[in-house]
Amino acid sequence: MSFKKIVALSVFISFLFNCKNEELPYVKPQIIPAPNHQIITDGFFMLTRTTGLSYDSKFEVSGTFLKSFIENNSNITLTNSDGIQFIYDASIDNSEGYKLDVGPKSITIKAKTDQGAFYAVQSLRQLLPIGFENKTHADIRVPIKCISIEDAPQFKYRGMHLDVGRHMFSVDFIKKYIDALAMLKMNTFHWHLTEDQGWRIEIKKYPKLQEVAAFRNETLIGHYSEQPHQFDGKRYGGFYTQEEVKDIVTYAQSRHVTVIPEIELPGHAQAAISAYPDLGCTGEQVDVATKWGVFEHIYCSKDETFNFLEDVLDEVVALFPSEYIHIGGDEAPKTKWKTCQQCQNRIKSEGIKDEHELQNYFITRIETYLNAKGKQIIGWDEILEGGLAPNATVMSWRGTKGAVEAAKQKHNVIMTPTSHCYFDYYQSTNADEPTAIGGFLPLEKVYNFNPIPEELDQEESKYILGAQGNIWTEYMPTQEHVEYMAFPRMLAMSEVVWSKDNNKDYTNFTQRVEHFNERLDALNINYANHLYEISGELVSKNNTTSYQLSTTIEDKHIRFTLDGSEPNLTSEIYTQAIPIDTSQTIKAAVFNFEKQLGTVFSETINYHKAVGKTITISKTPHKSYSGSGPEGLINGISGSDSRYGDKEWLGFWGEDIEIMIDLGEEIEINSLETRFHNGAGQWIYAPKEIYLDFGYDCGSVTKNLEPIPIKQSDDLHVAFKVLLKNMKTSKVYLKIPNYGTIPDGKQGAGNKAWTFIDEIIIN
């Protein structure tokens, strides 16, 4: 070797092993979902054109993925040697667990399954520069920080759902969606394929499912709650051919993602009935649904229907190798069954009690058929009605009650309650957010979800398989909109189901999300960035009221104004809570030292006589609509005019509520007002009346026996106001009866109505 070559080699080695860490442009380990055990150590592994990669057939999927990821996205070609080595390790307990060790001279991936090794590869992927995600990395020397990781998932079921019945998306997008799941170590794609608004899977034996059921004549414009309904007049639809389905399933398998198809029954079947009217109870011709909601045209329980469903499921089973087939079971109104002679004959012949038990018969008969095909069923928690099918797994969406009931019966459960897992809910209170179905589910609430209901003991908890995020697409016509609703909440869900609880820290998570967003940019994934948003809260303590501002990202500061002007780099920096003793408008934004980050936060506080006082409510608000808690009803802040699921509206399902506001002492009041949301399309109805009583310092209470009627209307909000004419009181009592059972012909008929109440203003 020449002298010049020796000197050059010495300089290279010196650079490699003696330079300070900060001199190397490496990627700081910020992996999502967070590994359960990781130790960052000194030094770097240098990925170059001389780096080798070795794996045997046990790790074919994971090894091939890593090789392709590096070589297709950089100028590096790996050799057939041991720089990066996959090693079989039978001692790893969890079949999806792995050990990843990045040392100065080698990288080792240890696992006992290809799936475990694949997740190690996804962690290693996040240690590489962002340019590897979109083929923009040109450097042929890539430092990877030395790190040792031992990791395994907390739950075996880690999923995301996508509804293609309301709006359909391309095969390429479905693959992109699966790619995102795999990157985040999720292992299940729940593909919702049939709906009232469209049938999306080719069934060769029944061509009208493609010709008729796959297309609707038009689609609702705007939100369902906007009256009168408007339509676009454009035919919409499509379906996935069986060849496309096979392609997607194979693609998912190459990323260790299981695809679970959902074929809805007995409800959400109007599209199928439009193609084959005899599947329904009346035989009448109906159209594929053109708006959203729950429809009364459901499958009849006659043998012809079961023959149809068995034929359909035969073709579905042949396409999907998954252990599970999801059969829906939710939101099936029994109206047609009650007047259907064939359904009533079935009830008598099977010796069952009513239409709810007929649903159990329906689900159990389908389960028996699928069990004989080697498949297990999953159903939404309504399959508990009338008794649970023998081997069914319950997907609990209406809170956690169904999960608790099923787990106590020793049935497997997948958690997906609306309160934490419905990503079609708004994720910000910003007025310019894209249209969503309703509700409010910010990133932090997803992150803080615990899939194990507190009512379960240790043994019962074993039946909780995991959780998933749901994407219902009524208001998501484009893939960009789907991505916006899914990300970054999918990141939070991945950590919920993978990382151990004692390893979770929301502030740390948001810092990693801030970095991960660059990866999403490179992958051309459209995400919602609310990291730089501000939260505000009215706080009352020691007879003083103040307003606190906060943001989750560290190393940033908040600037605010109180004069209505927009905050800028010269505005006052927020350092402590802002005193509130009069009506006030606060505007604020997050800044670094150079510019504003995120949007302007604005809050108008109407300082009335109940603000900061004590309030109690006889019922706990529903977990999905708990707003700011009871105190939110007297914090001076009114809820959104267009949304009922923000931080200010409180929602109660089917319950009468009693509210007491303690004003602290007898004071003069002249009026009391509030308002109720009235979204019939979401089963929300304003109450018909209110009982109003008053208490005094002496302890007596004036009982107004006659209720005060509330004028009913079809408006989105129903106002209530009463003038009190110089009344002195120390306590105000409101008794608000629930609207009651929703009448036939309305959305949610037969169910109890929701009550949503806004700020209670006392002056």
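The analysis underlying the following values was restricted to heavy atoms, covering all of them including side chains, and did not include hydrogens, waters or symmetry mates.
Ring-plane geometry between Tyr625 and His622 is classed as tilted, the angle between the planes lying from 30 to 60 degrees on a 0 to 90 degree scale. Aromatic ring orientation, His192 versus His161: tilted (interplanar angle from 30° to 60°). Classification of the Tyr422-Trp472 ring pair by plane angle, with boundaries at 30° and 60°, yields tilted. Taking the six-membered ring for Trp and thresholds of 30 and 60 degrees, Phe509 and Tyr447 have nearly parallel ring planes, at less than 30 degrees apart. Using cut-offs of 30° and 60° on the angle between ring planes, the pair Phe362 and Trp337 is parallel.
Under the 4.0 Å criterion applied to side-chain N and carboxylate O atoms, Lys462 and Glu460 are not assigned as salt-bridge partners. Taking 4.0 Å as the cut-off between side-chain N and carboxylate O, Asp311 and Lys205 count as a salt-bridged pair. At a threshold of 4.0 Å, the pair Lys338-Glu296 does not count as salt-bridged, since none of the basic side-chain nitrogens sits closer than that to a carboxylate oxygen. With salt bridges taken as basic N to acidic carboxylate O contacts below 4.0 Å, one links Lys99 and Asp89. Ion pair Lys185/Glu96 not flagged as a salt bridge, since none of the NZ, NE, NH1 or NH2 atoms sits closer than 4.0 Å to an Asp/Glu carboxylate oxygen. Of the charged side-chain nitrogens involved, at least one lies within less than 4.0 Å of a carboxylate oxygen, so that Asp163 and Arg166 count as a salt-bridged pair. Using a cut-off of 4.0 Å between Lys/Arg side-chain N and Asp/Glu carboxylate O, Asp314 and Lys373 are scored as salt-bridged. Between Arg255 and Asp179, at least one side-chain nitrogen of the basic residue sits less than 4.0 Å from a carboxylate oxygen of the acidic one, meeting the salt-bridge criterion.
You'll find the side chain of Ile325 reaches within 4.5 Å of the side chain of Pro261, heavy atoms only. For the pair His268/Phe295, no side-chain contact is recorded, criterion being any heavy-atom separation below 4.5 Å from C-beta on. You'll find the side chain of Ile174 reaches within 4.5 Å of the side chain of Tyr240, heavy atoms only. For the pair His481 and Met485, the minimum side-chain heavy-atom distance is below 4.5 Å. The side-chain heavy atoms of Gln468 and Met395, taken from C-beta on, include a pair separated by under 4.5 Å. Two residues are said to be in side-chain contact when any heavy atoms from C-beta on lie closer than 4.5 Å; Met476 and Asp424 meet this criterion. Using a 4.5 Å heavy-atom cutoff, the side chains of Thr393 and Ile377 are not in contact. Residues Ser494 and Ile32 have side chains in contact (heavy-atom distance under 4.5 Å, counting atoms from C-beta outward).
Within a 6.0 Å radius of NZ in Lys110, other residues, nucleotides and ligands contribute 12 heavy atoms or fewer. Residue Asp93 places its CG atom among 12 or fewer non-hydrogen atoms of other residues, nucleotides or ligands, all under 6.0 Å distant. When the shell of 6.0 Å around NZ of Lys208 is examined, it contains 12 or fewer heavy atoms from other residues, nucleotides or ligands.
Of all heavy-atom pairs between Glu264 and Thr194, the closest is N-OG1, 2.8 Å. Nearest approach of Ala111 to Ala117, heavy atoms of both residues: CB-N, 3.4 Å. Looking at every heavy atom in both residues, Glu202 comes nearest to Thr241 through OE1-CA, 3.4 Å. Among all heavy-atom pairs drawn from Ala152 and Asn94, the shortest one is CB-CB, 3.8 Å. The two residues Val259 and Ala252 make their nearest non-hydrogen contact at CG2-CB, 3.6 Å. The nearest pair of heavy atoms linking Gly328 to Ile383 is O-CG2, 3.9 Å.
Annotation: Trp754 is in aromatic contact with Trp653 [ring centroid separation under 6.0 Å]. The distance between the ring centers of Tyr177 and Phe189 falls below 6.0 angstrom. Taking the six-membered ring wherever Trp is involved, the centroid distance between the rings of Trp380 and His190 falls below 6.0 Å. Aromatic ring centres of Tyr527 and Tyr484: separated by at least 6.0 Å. You'll find the ring centres of Phe169 and Phe173 inside the 6.0 Å limit.
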Trace of the side chain to side chain contact (heavy atoms under 4.5 Å, CB included) decision for Met415 with Ile464: CA-CA 7 Å; Met415 300 299 296; Ile464 306 298; 3.7 Å; yes

Pair Gln359-Glu382, side chain to side chain donor-acceptor pair (under 3.5 Å): steps then yes or no: CA-CA 9 Å; Gln359 168 145 331; Glu382 283 95 331; over 6 Å; no

Tyr206 vs Tyr276, ring-ring contact (aromatic ring centres under 6.0 Å, His included): CA-CA, chis, key distance, verdict: CA-CA 9 Å; Tyr206 296 98; Tyr276 297 98; 5.5 Å; yes

Stepwise side chain to side chain contact (heavy atoms under 4.5 Å, CB included) check, Phe59 with Thr64: CA-CA 8 Å; Phe59 303 112; Thr64 301; over 6 Å; no

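Residues Arg365 and Tyr361 bring a donor and an acceptor atom of their side chains to less than 3.5 Å of each other. Trp498 and Asp151 share a side-chain donor-acceptor pair at under 3.5 Å. For the residue pair Thr416/Asn470, the side-chain donor-acceptor check at 3.5 Å is satisfied. Looking only at atom types and distance, the side chain of Ser624 has a donor-acceptor partner in the side chain of Thr418 under 3.5 Å away.
Between Lys401 atom NZ and Asp381 atom CG the span is 10.0 Å, to the nearest 0.5 Å. Within the model, atoms OG1 of Thr188 and OH of Tyr157 stand 5.0 Å from one another, a figure rounded to the nearest 0.5 Å. How far CD of Gln154 is from CD of Glu495: 11.0 Å, rounded to the nearest 0.5 Å. Here CD of Glu331 is found 8.5 Å from CG of Asn751. Values are rounded to the nearest 0.5 Å. Interatomic distance, Ile260 CD1 to Leu193 CG, rounded to the nearest 0.5 Å: 12.0 Å. In this structure, CG on Asp330 lies 8.5 Å from CZ on Arg398, to the nearest 0.5 angstrom.
Residues passing the side-chain hydrogen bond (donor to acceptor under 3.5 Å, both in side chains) test with Asn391, sequence neighbours excluded: Asn371.
Both tests pass for Lys175 against the ring of Tyr251: distance under 6.0 Å to the centre and angle within 45° of the axis.
Side chain of Arg216 to main chain of Gln197: a donor-acceptor pair is present (N/O by atom type, distance under 3.5 Å, no hydrogens or angles). Of the possible donor and acceptor atoms, one in the side chain of His411 sits under 3.5 Å from a partner among the backbone N and O of Ala392.
Contacts classified as salt bridge (charged side-chain N to carboxylate O under 4.0 Å, His left out) and involving residues 341-364 (residues at least two apart or in different chains) are given here: Asp303-Arg346.
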